[in-house]
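Down below is the structure, laid out as structure tokens.
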Amino acid sequence: MNKKYAMIPILGMYLIAYPGIFPAQAMDHAASKNNYIAYTDLDTDQPEIPINEENGWRTGIDKDSIDYDKHAQIIAFTVTKVNQTTGYKTISKMKIYVNENKIFRVESIGYSPHDEKPVRFKGGSSINLEPIEPDSWAEAYQKAVYKYLGIINAPVNKDAKWKYVTKTIFPHDTNWYYIDMNNIRCDRTRGLVYAYGKIHSERYGDSTSTYIFDIKNATIQSFIREAGTYRTETNPSDFDKAYLQAATDYYNQTHS
């Protein structure tokens with residue numbers, strides 16, 4: 001799990017600490033407005049592809065910001081998240097690398113309705129391409145953009161099938177840990193298992209993560225967003241060990 005991001009207690013900011021500003025661009029897409037209406041059941045003049053409304057925040061993708069470079073297979077777009085009580089807004093610039101099934105967070109900027117100076121979020125941009133994890137904010141954006149553009153043959157995750165692994169109980173929170181059994185895969189030559197994890201926090205909701213498990217050496221690598229790379233867990237937690245056991249069981253089953 002990308003532990004530093006898993007438990008940010010600010011109204012789902014995990015979904016928005018990435019964005020940035022970018023100007024409206026001419027849109028090159030394959031979907032008609034009628035397709036968009038069928039998808040959102042909204043007016044043709046609706047400027048936004050709605051993603052969700054949660055904990056008082058409305059999240060959507062600016063339709064006019066979508067820029068699809070078909071040659072490079074890169075889709076750039078802007079995500080806007082608005083607190084419907086305070087009016088606080090974050091604007092985020094992102095890019096999806098279609099062939100890699102990965103995302104890049106360009107920038108994230110927050111705006112106050114009281115005309116305060118805009119704030120750039122520390123950690124609001126990527127260092128390297130990041131995995132698009134099942135049931136994550138990134139996958140929600142990917143699905144919405146692909147639906148709007150009419151993209152149907154790009155590499156994407158299978159629908160997640162979360163298997164319970166373990167849980168931890170804290171004084172003010174309980175966490176349940178799951179591993180996705182539908183997108184898990186083995187590298188038999190190297191003795192590795194690639195898998196996605198999910199934490200459901202009673203207090204903060206869901207967050208996702210990406211792992212590489214070295215079965216032969218019993219080591220765990222987790223993708224760290226702020227570093228843009230995988231880090232070996234030198235002092236694995238109990239839930240890390242539970243993930244490793246689940247991955248080991250899967251590896252042994254596929255080799256039996």
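Owing to the predicted nature of the structure, the values given are computational and were not obtained by experimental measurement.
- When all heavy atoms are compared, the tightest approach of K161 to D180 is N-OD1, 2.9 Å.
- Listed by chain and number, the residues in a side-chain contact (heavy atoms from CB on, under 4.5 Å) with I169 are K167, T174 (sequence neighbours excluded).
- Shown here are the side chain to side chain donor-acceptor pair (under 3.5 Å) partners of D159, two or more places apart in sequence or in another chain: there are none.
- I51 has its side chain within reach of I61: a pair of non-hydrogen atoms, C-beta onward, lies under 4.5 Å apart.
- Interatomic distance, R188 CZ to C186 SG, rounded to the nearest 0.5 Å: 6.5 Å.
- A heavy-atom distance below 4.5 Å is not found between the side chains of T90 and T80.
- The side-chain heavy atoms of I109 and F121, taken from C-beta on, include no pair separated by under 4.5 Å.
- Minimum heavy-atom separation, Y146 to A154: CE2-CB, 3.8 Å.
- Between the side chains of Y111 and E116, no donor-acceptor pair of N or O atoms lies under 3.5 Å.
- Between the CG atom of L192 and the NZ atom of K216 there is a distance of 8.5 Å, given to the nearest 0.5 Å.
- Counting heavy atoms from C-beta on, the side chains of Q221 and E233 never come closer than 4.5 Å.
- Checked against side-chain contact (heavy atoms from CB on, under 4.5 Å), N217 has the following partners two or more places apart in sequence or in another chain: D214, T219.
- In terms of the side chain to side chain donor-acceptor pair (under 3.5 Å) criterion, E100 has no residue partners (sequence neighbours excluded).
- Atom CG of N99 has more than 12 heavy atoms from other residues, nucleotides or ligands within 6.0 Å.
- Contacts of R58 classified as salt bridge (Lys or Arg N to Asp or Glu O under 4.0 Å), with partners at least two apart in sequence or in another chain: E48.
- The shortest distance between side-chain heavy atoms of M94 and F104 does not fall below 4.5 Å.
- When atom types are taken as modelled, the side chain of S237 and the backbone of D240 share a donor-acceptor pair closer than 3.5 angstrom.
- By the 4.5 Å side-chain criterion applied to Ile, Leu, Val, Met, Phe, Trp and Tyr, F170 is assigned to no cluster and stands alone.
- Members clustered with W176: W162, Y164, Y178, Y196, by chain and number, using a 4.5 Å side-chain heavy-atom cutoff among hydrophobic residues.
- We find the CD-CD1 distance between Q73 and I96 to be 12.0 Å, quoted to the nearest 0.5 Å.
- Take D249 and apply the side chain to side chain donor-acceptor pair (under 3.5 Å) test, not counting sequence neighbours, and it matches Q245.
- No donor-acceptor contact under 3.5 angstrom links the side chains of N157 and Q142, judged on distance only.
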Checklist entry - Passes side chain to side chain contact (heavy atoms under 4.5 Å, CB included), I75 versus D67? Steps please. => result CA-CA 6 Å; I75 305 170; D67 181 35; over 6 Å; no

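- Atom NE2 of H200 and atom CG of N175 lie 9.0 Å apart (nearest 0.5 Å).
- Under the rule for a salt bridge (Lys or Arg N to Asp or Glu O under 4.0 Å), the partners of E130 that lie at least two apart in sequence or sit in another chain are R105, R225.
- Nearest heavy-atom pair, T86 versus P113, reported as atom, atom and distance to 0.1 Å: O-CG, 3.1 Å.
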Item to check | Verdict with reasoning, K81 to T59, per side chain to side chain donor-acceptor pair (under 3.5 Å) | outcome: CA-CA 4 Å; K81 193 173 182 76; T59 303; 2.9 Å; yes

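- A218 pairs by the side-chain contact (heavy atoms from CB on, under 4.5 Å) definition with L244, not counting sequence neighbours.
- Contact annotation: the side chain of T229 never approaches that of R231 to less than 4.5 Å [non-hydrogen atoms, C-beta and beyond].
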Next on the checklist: Run the side chain to side chain contact (heavy atoms under 4.5 Å, CB included) test on K198 and D206 for me, step by step, so that the C-alpha distance in whole Å, both residues' side-chain angles and the decisive distance to 0.1 Å come before the verdict.
Outcome noted: CA-CA 7 Å; K198 179 173 76 171; D206 292 350; 4.0 Å; yes

Next on the checklist: Applying side chain to side chain contact (heavy atoms under 4.5 Å, CB included) to Y204 and D173, what does each step give before you reach the verdict?
Outcome noted: CA-CA 9 Å; Y204 302 122; D173 195 13; 4.0 Å; yes

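- In this structure, the side chain of N83 engages the main chain of T85 through a donor-acceptor pair within 3.5 Å.
- In this pair, Y243 and Y211 present their aromatic rings tilted. The plane angle is within the 30 to 60° band.
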Checklist entry - Do F213 and T248 pass the side chain to side chain contact (heavy atoms under 4.5 Å, CB included) test, and can you show the C-alpha distance, the side-chain angles, and the key distance before you say yes or no? => result CA-CA 8 Å; F213 301 98; T248 302; over 6 Å; no

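- Distance OG/S209 to CD/E133: 6.0 Å, rounded to 0.5 Å.
- Remark: N182 pairs with no residue by the side chain to side chain donor-acceptor pair (under 3.5 Å) rule, at least two apart or across chains.
- Y230 pairs by the ring pair (Phe, Tyr, Trp, His ring centres under 6.0 Å) definition with F223, not counting sequence neighbours.
- A donor atom on one side chain and an acceptor atom on the other are not found under 3.5 Å apart for K93 and T78.
- Within the 4.5 Å cutoff, side-chain heavy atoms of V79 are placed close to those of Y141.
- Counting heavy atoms from C-beta on, the side chains of W137 and T208 never come closer than 4.5 Å.
- Taking OH of Y250 as the reference point, atom CD1 of I215 lies at 11.0 Å (rounded to 0.5 Å).
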